[in-house]
Amino acid sequence: MLKLLFNRYSHNRLGIEICKNMFRIVHCRLKNNSTILKETELFLTHEIDFSINNHPATEQLKEVVNINQWNGITTAVTTASECIFYKVMELPMLKMSEIKETIKWELHHCLPDNYQNDYVIDWYIMNRNYYAKSNGVKVIVGAMKLDIMQCWHRIFKEAGIPLMAINIVPEALKSWLIYYGNKIWPDIEVIPTALIHVGDEQINILVVNNNNLLLARSFQRVGSPDNCMSEANNEFINYLSASNNNLGRIGILDENHYWKDYTSFLKKSLQVPIVNLTANSSIEFNPKFAVAAGLSLKGGNR
């Protein structure tokens with residue numbers, strides 16, 4: 001997403017989730033038809049400040065890159081902060097030129113007036129003709145301030161790892177869900193599967209089917225768990241209504257056991273099987289690295 005995509009298949013990739021005071025890094029390496037994932041957590045001495053040059057994070061990252069011999073490896077990044085704005089739009093069937101004009105009009109209501117000069121915009125069609133009753137398209141639009149993107153490029157270039165893609169968190173989690181879901185659900189490619197990802201700063205909700213992202217919703221983790229759970233519940237109720245209850249299961253990936261008391265409530269409310277992925281023995285991976293892992297598995301490809 002955001003203009004910069006991996007254009008070729010690579011056997012060696014880095015995925016990095018930028019957090020307030022750390023980088024969560026996953027190195028994905030393909031060897032003898034096996035995927036090897038190595039996770040690294042880099043705690044920063046200073047929070048990321050995109051307004052300064054020569055940020056201390058650069059030297060810290062460069063040291064980790066040199067130790068692990070990652071120099072030159074293509075890298076995809078994302079963040080759960082509000083640095084990256086994205087919005088899902090449901091539109092009628094339109095010509096490509098009409099979709100572009102509709103997106104411009106919509107962004108005028110979401111971003112500052114001069115956004116076309118200050119932001120980098122990217123978008124793509126999530127799926128065509130999914131909702132039979134609307135016979136339309138779902139478009140996901142991403143936006144990021146140009147100066148922040150330039151800062152990220154500078155940090156990673158100076159650290160020795162070229163930044164090749166900036167993606168949104170739901171797209172990274174989609175790749176993670178498909179990869180690990182195949183280990184426990186052989187039918188994940190044909191049965192719509194949802195994920196509730198509860199991260200440090202953000203809660204992400206997505207539905208995936210046939211490698212398509214059918215639902216993407218993120219909101220900051222503020223207020224009580226009751227409020228967040230209620231918002232997630234409403235998202236699924238709306239999705240189930242629009243899709244004629246086309247949902248096979250919901251997986252919950254809760255990094256800090258934030259929602260440990262609400263699984264039974266969601267199962268009763270939604271009447272959909274719910275699986276706790278955080279403690280699933282088939283997934284031999286730290287759930288805190290799910291976003292970075294998804295980036296490394298798929299890079300910037302859609």
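For the single chain, residues carry numbers from 1 onward in sequence order. This is a predicted model, so every value here is computed, not measured.
Using modelled atom types, one finds a donor on one side chain and an acceptor on the other under 3.5 Å when comparing N233 with S269. A side-chain donor from one of H27 and N12 sits under 3.5 Å from a side-chain acceptor of the other. A donor-acceptor pair shorter than 3.5 Å cannot be found between the side chains of K174 and N212. Looking only at atom types and distance, the side chain of E17 has no donor-acceptor partner in the side chain of T79 under 3.5 Å away.
Judged by a 6.0 Å distance limit and a 45° cone about the ring axis, K87 is not positioned over the six-membered ring of F85.
Between the side chain of N276 and the backbone N or O of T278 there is at least one donor-acceptor pair closer than 3.5 Å. Looking at Q202, its side chain never comes within 3.5 Å of a backbone N or O of R221 through a donor-acceptor pair. Within the 3.5 Å criterion, the main-chain N or O of Y239 finds a donor-acceptor partner in the side chain of S243. A distance-only check finds no donor-acceptor pair linking the side chain of R249 to the backbone of A194 [under 3.5 Å]. No side-chain donor-acceptor contact under 3.5 Å links T75 to the backbone of L14. Under the 3.5 Å distance criterion, the side-chain polar atoms of S218 are left unmatched by any main-chain donor or acceptor of A216. Between the K138 side chain and the L214 main chain, a donor and an acceptor come within less than 3.5 Å of each other. Within the 3.5 Å criterion, the main-chain N or O of N238 finds no donor-acceptor partner in the side chain of S241.
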Item to check | side-chain contact (heavy atoms from CB on, under 4.5 Å) between F236 and I205, intermediate numbers included | outcome: CA-CA 9 Å; F236 281 118; I205 298 169; 3.4 Å; yes

Checklist entry - Under the side-chain contact (heavy atoms from CB on, under 4.5 Å) criterion, do L277 and I184 qualify, and how do the steps go? => result CA-CA 10 Å; L277 298 177; I184 53 179; 3.7 Å; yes

Next on the checklist: Evaluate K100 against W105 for side-chain contact (heavy atoms from CB on, under 4.5 Å), listing each step before the verdict.
Outcome noted: CA-CA 9 Å; K100 292 178 180 179; W105 183 86; over 6 Å; no

Item to check | Chi angles and distances behind the side-chain contact (heavy atoms from CB on, under 4.5 Å) call for S296, L37 | outcome: CA-CA 8 Å; S296 71; L37 301 175; 3.9 Å; yes

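A 4.5 Å side-chain heavy-atom check between C19 and E201 finds at least one atom pair inside the cut-off. Within the 4.5 Å cutoff, the side chain of V88 has heavy atoms near those of the M126 side chain. Residues L213 and V208 have side chains in contact (heavy-atom distance under 4.5 Å, counting atoms from C-beta outward). M149 is not listed as a side-chain neighbour of Y119, based on a closest heavy-atom distance of 4.5 Å or more. Between L61 and L42, the closest side-chain pair of non-hydrogen atoms falls below 4.5 Å. Contact check for L177 versus W185: side-chain heavy atoms found under the 4.5 Å cut-off. Two residues are said to be in side-chain contact when any heavy atoms from C-beta on lie closer than 4.5 Å; W70 and V64 meet this criterion. Under the 4.5 Å side-chain criterion, counting only non-hydrogen atoms from C-beta, Y86 is not in contact with V141.
Here OG1 of T78 is found 8.0 Å from CD1 of I18. Values are rounded to the nearest 0.5 Å. Within the model, atoms CZ of R154 and OG1 of T58 stand 7.5 Å from one another, a figure rounded to the nearest 0.5 Å. Separation of atoms CD1 (I84) and CG (D122) is listed at 11.5 Å; rounding is to 0.5 Å. The CD1 atom of I25 lies 4.5 Å from the CD1 atom of I16; values are rounded to the nearest 0.5 Å. Taking CE from M144 and CD from Q150, the interatomic distance works out to 10.0 Å, rounded to the nearest 0.5 Å. Going from atom CD1 of I196 over to atom CD1 of I203 covers 8.5 Å, rounded to the nearest 0.5 Å.
Heavy atoms from other residues, nucleotides or ligands lying under 6.0 Å from CD of E189 number more than 12. Around CG of D113, the count of heavy atoms belonging to other residues, nucleotides or ligands within 6.0 Å does not exceed 12. Residue H108 places its NE2 atom among more than 12 non-hydrogen atoms of other residues, nucleotides or ligands, all under 6.0 Å distant.
L240 and N246 make their closest contact through CD2-N, 4.5 Å (heavy atoms, listed as atom of the first residue, atom of the second, distance). The two residues P92 and V137 make their nearest non-hydrogen contact at O-CG2, 4.0 Å. Nearest heavy-atom pair across G248 and P273 is O-CD, 3.5 Å. T40 approaches F289 most closely through the heavy-atom pair O-CE2, 3.4 Å. In plain terms, the two heavy atoms of A232 and F219 that are nearest each other are N-CZ, 4.2 Å. Looking at every heavy atom in both residues, A290 comes nearest to L253 through CB-CD2, 3.4 Å.
Checked for salt-bridge contact, R24 and D200 meet the test: a charged N lies under 4.0 Å from a carboxylate O. At a threshold of 4.0 Å, the pair K62-E59 counts as salt-bridged, since one of the basic side-chain nitrogens sits closer than that to a carboxylate oxygen. With salt bridges taken as basic N to acidic carboxylate O contacts below 4.0 Å, one links R217 and E231.
Hydrophobic cluster membership is shared by M96 and L91, with clusters built from Ile, Leu, Val, Met, Phe, Trp and Tyr side chains linked at under 4.5 angstrom. Two different hydrophobic clusters hold M22 and V291 under the rule that ILVMFWY side chains link at heavy-atom gaps under 4.5 Å. Under the 4.5 Å side-chain heavy-atom criterion for grouping Ile, Leu, Val, Met, Phe, Trp and Tyr, Y180 is not connected to I191 through any hydrophobic cluster.
The one candidate from L195, I274, V275 that meets the side-chain contact (heavy atoms from CB on, under 4.5 Å) condition with I252 is I274.
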